[in-house]
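Here is how names work: the chains are called A, B, and so on, in the same order as the sequence lines, proteins then strands, and each is numbered from 1. Worth knowing before you read on, the calculation uses all heavy atoms, side chains too, and leaves out hydrogens, waters and symmetry mates.
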Amino acid sequence: MTSIDFHLPPPVFARSLIGALLTVDGVGGRIVETEAYDAGDPASHSFRGPSRRNAAMFGPVGRAYVYRSHGLHWCLNIVCGADVGGAVLIRAIQPMAGIEIMRERRGMEAVERLCSGPGKLCQALAVTGAHDGLPMILPPFSLTLAKVEPDIVTGPRIGISKGVETPWRFGLAGSAFLSRRF
DNA sequence: CCCGAGATTGACT
DNA sequence: GTCAATCTCGGGA
């Protein structure tokens with residue numbers, strides 16, 4: 001059993017998550033895309049200090065930070081880092097377990113698109129604000145790192161207007177399950 | 001208090 | 001390509 005080091009700096013931890021198996025109540029798959037954020041980063045929700053929404057980012061590492069995007073979609077992060085204010089956004093998953101349940105939650109959809117975005121995968125895995133602050137190492141979550149680090153591609157993060165040049169987006173090379181091409 | 005922007009998605013021109 | 005859906009936060013009046 002390999003223990004997960006949530007104290008790694010966000011960019012390092014984000015890279016280590018590529019290929020990991022993530023499930024929620026048994027539904028999930030292989031993480032194929034992540035993004036790193038930290039407190040010194042103007043693109044991060046933690047940049048301006050604690051608020052009601054981002055409180056989990058200032059709590060213990062290894063917990064979920066789930067926030068609502070544009071008032072509609074949920075997005076799942078894992079709190080990490082040597083200092084407070086760090087987290088890794090889970091942006092895409094390759095569905096492995098509970099695919100039929102995901103289809104019911106998301107409607108008829110090609111398997112490549114079921115979890116190809118941060119809001120999509122939260123819908124497919126039924127992650128909501130109720131999961132905010134919960135430990136990632138306990139049910140309903142299950143998180144298991146890949147035994148061997150796969151080939152990884154990097155690039156600028158998606159959908160932000162500050163810190164755009166920071167290459168803290170990580171993806172599984174050649175994956176058909178990414179939110180976008182690198 | 002009011003308003004614009006935002007780590008998104010899906011529907012539409 | 002454009003745009004609306006709808007919640008939280010920060011900045012300015």
Which whole-number value in Å describes the distance from [X] [atom1] to [N] [atom2]?
{"X": "A/Trp74", "N": "C/dA5", "atom1": "CH2", "atom2": "C1'", "answer": "15 Å"}
{"X": "A/Asp132", "N": "C/dC7", "atom1": "CG", "atom2": "P", "answer": "17 Å"}
{"X": "A/Tyr65", "N": "B/dA7", "atom1": "OH", "atom2": "C1'", "answer": "9 Å"}
{"X": "A/Asp41", "N": "B/dG6", "atom1": "CG", "atom2": "C1'", "answer": "14 Å"}
{"X": "A/His70", "N": "C/dC3", "atom1": "NE2", "atom2": "P", "answer": "15 Å"}
{"X": "A/Leu72", "N": "B/dA11", "atom1": "CG", "atom2": "P", "answer": "13 Å"}
{"X": "A/Arg180", "N": "B/dG10", "atom1": "CZ", "atom2": "P", "answer": "13 Å"}
{"X": "A/Ile90", "N": "B/dA7", "atom1": "CD1", "atom2": "P", "answer": "17 Å"}

Q.
Under 4.0 Å, heavy atoms only, any strand: does A/Arg106 hit a base, just the sugar-phosphate, or nothing?
A. sugar-phosphate

Here the pair of heavy atoms bringing A/Leu178 nearest to A/Ala92 is CA-CB, 4.2 Å

State whether [X] places a side-chain N or O below 4.0 Å from either non-bridging phosphate oxygen (OP1 or OP2) of [N].
{"X": "A/Lys162", "N": "B/dA7", "answer": "no"}
{"X": "A/Ser44", "N": "B/dA7", "answer": "no"}
{"X": "A/Arg91", "N": "B/dT8", "answer": "yes"}

Check: protein-nucleotides 8-11 of chain C nitrogen or oxygen pairs below 3.5 Å:
unit_1: C/dC9; atom_1: OP1; unit_2: A/Ser51; atom_2: OG; d: 3.4
unit_1: C/dC9; atom_1: OP1; unit_2: A/Arg52; atom_2: N; d: 3.2
unit_1: C/dC9; atom_1: OP1; unit_2: A/Arg53; atom_2: N; d: 2.4
unit_1: C/dG11; atom_1: OP1; unit_2: A/Arg48; atom_2: NH1; d: 3.2

Spacing of the [atom1] atoms in [M] and [N] (rounded, Å):
{"N": "B/dG6", "M": "C/dT2", "atom1": "P", "result": "16 Å"}
{"N": "C/dC3", "M": "B/dG4", "atom1": "P", "result": "16 Å"}
{"N": "B/dG10", "M": "C/dT8", "atom1": "C1'", "result": "22 Å"}

* To do: Walk me through it: do A/Phe6 and A/Ile137 pass the test side chain to side chain contact (heavy atoms under 4.5 Å, CB included)?
  => CA-CA 11 Å; A/Phe6 293 105; A/Ile137 60 165; 3.7 Å; yes

*asked:* Check this for me, if you would: do A/Arg157 and A/Asp41 make a salt bridge, where the nitrogen-to-carboxylate-oxygen distance has to be below 4.0 angstrom?
replied: yes

For the pair A/Glu33 and A/Arg169, find out whether any cationic side-chain nitrogen is under 4.0 Å from an anionic carboxylate oxygen. yes

| said: Would you say the ring centers of A/His131 and A/Phe141 fall short of 6.0 Å from each other? | reply: yes

Could you tell me the separation between the CD1 atom of A/Ile101 and the CG atom of A/Leu114, rounded to the nearest 0.5 Å?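 So the gap between those two atoms works out to 12.0 Å.
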
- DNA chain B: A/Leu89 or A/Gln123, which has the more 5' nearest nucleotide?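 The residue whose closest nucleotide sits nearer the 5' end is A/Leu89.
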
As its Watson-Crick or G-U partner within any shown strand, both distances under 3.5 Å, B/dT9 has C/dA4

Requested in this report: Just say parallel, tilted or perpendicular for the rings of A/His45 and A/Tyr67, cut-offs at 30° and 60°.
Outcome: perpendicular

Face-to-face stacking of A/Tyr37 with B/dA7, centres under 5.5 angstrom, angle under 30°:
yes

- Task: Begin with the C-alpha distance, continue with both residues' side-chain angles, and end with the deciding distance and a verdict on side chain to side chain donor-acceptor pair (under 3.5 Å) for A/Arg106 and A/Gln123.
- Result: CA-CA 7 Å; A/Arg106 291 213 8 93; A/Gln123 185 183 11; 2.8 Å; yes

